[in-house]
Amino acid sequence: MRHVLAAEQFSRADLLQIMDQAAEMEKIIAAGGSRMAAGKLLATFFYEPSTRTRLSFETAMQRLGGSVISTSNATFSSVTKGETVEDTVRILAGYADVIAMRSKEKGYAARGAKVSSVPILNAGDGPGEHPTQSLLDLYTIKKEFGLERPLRVVFVGDLKYGRTVHSLSQILRNFSNVSIDWVGPAELAIQPEYTAEGDRFFTELTDEVLESVDVLYDTRVQEERFADHDEYLRLRDVYIIDPEKVSKMKPDAIIMHPLPRVNEITASVDALPQARYFQQAINGVPVRMALIARALELI
Ligand code: CP
């Protein structure tokens with residue numbers, strides 16, 4: 001079954017195929033949509049808040065001609081009565097043809113997949129992974145630079161809890177032309193399993209890093225993952241990307257961010273040519289169209 005659970009499941013060939021399929025989906029959007037998934041139902045079940053992921057999944061299914069059932073807030077679901085993820089997924093799999101799910105806990109999508117009779121799309125599992133986000137991130141990078149030329153990608157911010165960082169870094173290991181730098185405070189350092197020989201590690205966002213980066217991938221410090229709120233307050237504003245920092249970047253470098261942002265990129269950066277985070281979010285629709293169509297074995 002075509003579950004999407006973790007970045008490591010994708011080979012380079014898979015990734016290139018998904019990029020091509022997403023490009024085809026962009027053409028379908030431009031042409032007014034498709035009836036490819038007519039009669040099919042997507043369930044979006046989110047135990048944790050979301051704007052982009054849930055709504056882009058739902059947009060994607062509707063652009064494919066399918067329909068959506070949704071629980072956007074687990075407070076309104078039987079999870080609050082103590083229902084397990086396994087029981088919830090068994091029931092949803094009886095209603096829908098594919099399920100996109102987000103959880104506060106790592107590993108819930110994989111647990112759901114073990115009992116599901118329909119494909120599960122991991123829409124973010126706590127501090128674990130966010131593989132569909134990393135595919136739209138790769139699509140954004142591909143549209144900007146292609147996937148052949150040497151690229152320096154710098155991950156900045158909450159490397160410990162940032163699930164998009166965990167997934168995208170693994171995806172990028174399929175491309176030997178990409179080198180990775182990590183910029184984060186020691187308390188939010190990247191876990192060793194996501195690092196590789198040749199990576200560079202910084203606790204400061206230095207001029208040298210800014211001058212050499214092609215893709216600056218910034219992240220929000222994940223307030224909801226901290227047990228100690230004072231520690232969150234101490235760490236949240238360590239790196240603020242502002243026009244002065246951006247002025248040190250190459251003119252053709254880009255700034256990505258999975259969003260939502262809080263303080264880590266000032267609004268004054270939004271109009272600068274390097275800002276790419278809003279387009280990045282929009283790229284979620286064709287990529288998720290491709291993922292739904294693959295899950296339903298329509299392509
Ligand atoms: N990038 C992302 O996961 O955003 P949402 O939390 O709004 O879905």
Side-chain angles (χ1 to χ4, degrees), residues 6-8 10 12 15 127-131 133-142 144-222 225 231 234-258 261 263-266 269 272-277 280:
E8 67 171 8
F10 296 110
R12 181 188 165 95
L15 295 169
E129 285 220 35
H130 197 343
Q133 172 76 39
S134 67
L135 295 169
L136 76 89
D137 294 341
L138 184 68
Y139 189 62
T140 303
I141 293 170
K142 179 178 186 286
E144 200 68 35
F145 299 107
L147 293 173
E148 303 287 335
R149 60 163 268 197
L151 279 180
R152 182 167 291 281
V153 177
V154 180
F155 290 104
V156 179
D158 190 341
L159 310 177
K160 179 178 178 184
Y161 298 120
R163 58 192 173 200
T164 66
V165 167
H166 302 161
S167 293
L168 181 58
S169 60
Q170 292 181 83
I171 292 279
L172 292 176
R173 300 298 180 194
N174 288 280
F175 299 91
S176 58
N177 53 306
V178 174
S179 52
I180 294 182
D181 291 345
W182 305 96
V183 179
E187 296 88 339
L188 300 177
I190 188 69
Q191 295 92 323
E193 64 261 37
Y194 300 114
T195 66
E197 200 178 329
D199 291 3
R200 303 190 308 169
F201 301 86
F202 303 87
T203 53
E204 303 284 329
L205 188 50
T206 63
D207 286 357
E208 193 273 326
V209 171
L210 290 166
E211 285 158 11
S212 63
V213 66
D214 297 298
V215 177
L216 190 157
Y217 193 101
D218 199 17
T219 59
R220 175 178 66 93
V221 175
Q222 309 265 302
R225 315 275 179 234
E231 183 170 57
R234 189 168 56 75
L235 294 172
R236 70 172 178 184
D237 295 332
V238 172
Y239 313 106
I240 306 258
I241 311 290
D242 58 14
E244 202 246 320
K245 283 204 175 59
V246 178
S247 71
K248 296 180 177 147
M249 295 171 64
K250 293 183 273 193
D252 67 343
I254 62 170
I255 301 166
M256 295 174 62
H257 190 302
R261 67 158 159 200
N263 298 324
E264 61 276 5
I265 301 176
T266 64
V269 172
L272 299 178
Q274 289 90 350
R276 206 60 87 252
Y277 29 91
Q280 177 187 353

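Counting heavy atoms from C-beta outward, Phe10 and Asn174 have side chains that stay 4.5 Å or more apart. Using a 4.5 Å heavy-atom threshold, the side chains of Pro243 and Val269 count as touching. Residues Thr219 and Phe155 form no side-chain contact, since every pair of their non-hydrogen atoms from C-beta on lies 4.5 Å or further apart. Residues Leu138 and Leu172 meet the side-chain proximity criterion, which asks for heavy atoms closer than 4.5 Å. A heavy-atom distance below 4.5 Å is not found between the side chains of Glu187 and Lys160. In this structure the side chain of Ile171 reaches within 4.5 angstrom of the side chain of Leu15, judged on heavy atoms. Counting heavy atoms from C-beta outward, Gln280 and Glu144 have side chains that stay 4.5 Å or more apart. Residues Leu216 and Val246 fail the side-chain proximity criterion, which asks for heavy atoms closer than 4.5 Å.
No more than 12 heavy atoms of other residues, nucleotides or ligands sit less than 6.0 Å from atom CD of Glu204. Applying the 6.0 Å contact sphere to CD of Glu193 captures more than 12 heavy atoms from other residues, nucleotides or ligands. Counting non-hydrogen atoms of neighbouring residues, nucleotides and ligands closer than 6.0 angstrom, the CD atom of Glu231 exceeds 12 such neighbours.
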Worked verdict on Phe201 versus Thr195 for side-chain contact (heavy atoms from CB on, under 4.5 Å): CA-CA 10 Å; Phe201 301 86; Thr195 66; 3.7 Å; yes
CA sep, side-chain torsions, deciding dist, call: Arg149, Asp214, salt bridge (charged side-chain N to carboxylate O under 4.0 Å, His left out): CA-CA 11 Å; Arg149 60 163 268 197; Asp214 297 298; 3.2 Å; yes
Residues Glu208, Ser212; criterion side-chain contact (heavy atoms from CB on, under 4.5 Å); working and verdict: CA-CA 6 Å; Glu208 193 273 326; Ser212 63; 3.9 Å; yes
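Listed here is the closest heavy atom pair of Pro131 and Ala7: CB-N, 4.0 Å. Of all non-hydrogen atoms in Arg236 and Val221, the two that sit nearest each other are CA-CG2, 3.8 Å. The heavy-atom pair separating Tyr161 from His166 by the smallest distance is C-CE1, 4.3 Å. What you find for Ile254 and Arg276 is that their closest heavy atoms are CG2-NH2, 3.3 Å. Here the closest non-hydrogen pair linking Arg220 and Asp158 is O-CB, 3.4 Å. The two residues Val156 and Leu205 have their closest heavy-atom pair at CG2-CD1, 4.3 Å.
For the atom pair OH (Tyr217) and OG (Ser169), the distance works out to 10.0 Å, reported to the nearest 0.5 Å. Distance check, rounded to the nearest 0.5 Å: CD1 of Ile180 to OH of Tyr194 gives 12.5 Å. Here the CG-CD1 distance, from Asp199 to Ile190, works out to 9.0 Å after rounding to the nearest 0.5 Å. Atom CD of Gln133 sits about 8.0 Å away from atom OG1 of Thr140, to the nearest 0.5 Å. Expressed to the nearest 0.5 Å, how far NE2 of His130 lies from OG of Ser167 amounts to 8.0 Å. Atom CG of residue Leu168 and atom CE of residue Met256 lie 6.5 Å apart, to the nearest 0.5 angstrom.
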